[in-house]
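Take a look at the structure set out below.
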Amino acid sequence: MAEFTLRKTQIILEEIHHDGGPVAEVPRLRGAVLALVRNPYAGVYQADLTQALEDLKPLGLMMAQKLVDAMGGAEGIDSYGKGGIAGEAGELEHAALWHVAGGYSMREVLGESLAIVPSSKKQGGPGTRLDVPMGHTNAAYVRSHFDAMEVGLPEGPRADELLYVLTMAKGPRVHARLGGLAADQISKFDGLR
């Protein structure tokens, strides 16, 4: 069992009132939860990483619940994303470990969520920033919810750490007006349309 010892977490909340156009009647709420954890594989090549997918589930569930609570509950959350940064002694594959724990944890905490959870990953040292892509929770083709949230911490990840991130939002981009499938037109419930 790999030990992903937690060093710190941070929550970021944004209320977006406008983006150069008219002020929204209801601001868009966008949030992220970040966690810096020890990378048990730093500096060592581990051929089989599959056990870590299970080992990270408690972290994913804790982070997802923490973010939902900070956003005032799951009601209205209709967009999500995830990401990871491996410190300099880690591999990109160590950041990719977050795919299962991050994605499935958000789905469990949010309830019904059918669409794939967009993600990004990279390697870097302290202060590295990551653009975490976001999309609608139930249909990947809802253009109004295509977004990204830039995150990072000035003191991490250290060489032997991983920075894992979950993002969520309530509502579309404030001035979304590019057409396409609207959230209230989702009909197939196949995660796509």
Side-chain angles (χ1 to χ4, degrees), residues 1-15 28-42 49-87 90 92-124 126-138 145 147-158 160-170:
M1 184 167 165
E3 301 245 355
F4 295 88
T5 307
L6 179 64
R7 179 159 73 92
K8 74 181 293 185
T9 61
Q10 182 180 70
I11 293 179
I12 302 167
L13 292 178
E14 301 176 339
E15 286 186 345
R28 182 177 193 224
L29 182 62
R30 190 166 67 171
V33 59
L34 295 77
L36 276 172
V37 298
R38 179 184 161 274
N39 181 354
Y41 306 114
L49 296 171
T50 55
Q51 178 59 45
L53 302 176
E54 288 296 317
D55 297 340
L56 283 165
K57 282 184 180 178
L59 177 67
L61 287 170
M62 179 274 291
M63 290 173 64
Q65 190 62 59
K66 187 180 280 275
L67 183 54
V68 166
D69 291 346
M71 295 179 71
E75 185 177 345
I77 293 175
D78 60 358
S79 179
Y80 54 20
K82 64 185 184 296
I85 303 174
L92 195 59
E93 201 68 4
H94 302 158
L97 289 169
W98 196 232
H99 282 304
V100 172
Y104 284 101
S105 294
M106 283 195 292
R107 286 188 168 130
E108 184 173 329
V109 170
L110 291 174
E112 183 178 309
S113 299
L114 302 173
I116 190 168
V117 182
S119 69
S120 61
K121 64 196 103 16
K122 67 192 299 187
Q123 289 178 276
T128 299
R129 308 288 291 175
L130 183 68
D131 288 329
V132 180
M134 300 174 72
H136 196 281
T137 56
N138 283 318
H145 288 62
D147 198 2
M149 189 167 178
E150 184 185 13
V151 299
L153 293 172
E155 75 284 8
R158 294 174 180 165
D160 64 345
E161 289 183 325
L162 297 159
L163 175 63
Y164 288 134
V165 182
L166 299 178
T167 61
M168 298 179 193
K170 292 185 177 186

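This one's a predicted model, so the numbers in the text were calculated from it and none came from an experiment. Computed from heavy atoms alone, side chains included, the values below leave out hydrogens, waters and symmetry copies.
- Interatomic distance, M62 CE to L166 CG, rounded to the nearest 0.5 Å: 9.5 Å.
- The pair R7-E161 meets the salt-bridge criterion, with a side-chain N (NZ, NE, NH1 or NH2) lying under 4.0 Å from an Asp/Glu carboxylate O.
- From L153, atom CG reaches atom CZ of R158 across 11.5 Å, with rounding to the nearest 0.5 Å.
- Here the OH-CG distance, from Y41 to D160, works out to 14.5 Å after rounding to the nearest 0.5 Å.
- Under the 4.5 Å side-chain criterion, counting only non-hydrogen atoms from C-beta, H94 is in contact with L49.
- Panel note: side chain K57, backbone G102; no donor-acceptor pair is recorded below 3.5 Å.
- Of the possible polar contacts, none joining the S79 side chain to the M134 backbone as a donor-acceptor pair under 3.5 Å is found.
- Contact of the T167 side chain with the K82 side chain is not registered, since no non-hydrogen atoms from C-beta on lie closer than 4.5 Å.
- Residues A101 and L53 share a closest heavy-atom pair of CB-O, 4.3 Å.
- Heavy-atom contacts from other residues, nucleotides or ligands closer than 6.0 Å to CD of E150 number more than 12.
- Using a 4.0 Å cut-off between charged side-chain N and carboxylate O, D147 and R28 make a salt bridge.
- Between L97 and Y164, the closest heavy-atom pair is CB-OH, 3.8 Å.
- For R30 and E15, the salt-bridge test fails: no basic side-chain N is under 4.0 Å from an acidic carboxylate O.
- Note: H145 and H136 have perpendicular aromatic rings, judged against thresholds of 30 and 60 degrees for the angle between ring planes.
- N39 contributes atom CG, which lies 13.0 Å from atom CD of E3 (distance to the nearest 0.5 angstrom).
- Within 6.0 Å of the CD atom in Q51, the count of heavy atoms belonging to other residues, nucleotides or ligands exceeds 12.
- Side-chain atoms of R107 do not come within 3.5 Å of backbone N or O of T137 as any donor-acceptor pair.
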Exercise. In sequence, state the C-alpha distance, the side-chain angles, and the governing distance for I77 and V68, and then conclude on side-chain contact (heavy atoms from CB on, under 4.5 Å).
Key: CA-CA 8 Å; I77 293 175; V68 166; 4.1 Å; yes
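- Between the side chain of K170 and the backbone N or O of E75, at least one donor-acceptor pair lies under 3.5 Å.
- With rounding to the nearest 0.5 angstrom, the CG atom of L34 is 8.0 Å from the CD1 atom of I85.
- We find the CE-OH distance between M168 and Y80 to be 9.5 Å, quoted to the nearest 0.5 Å.
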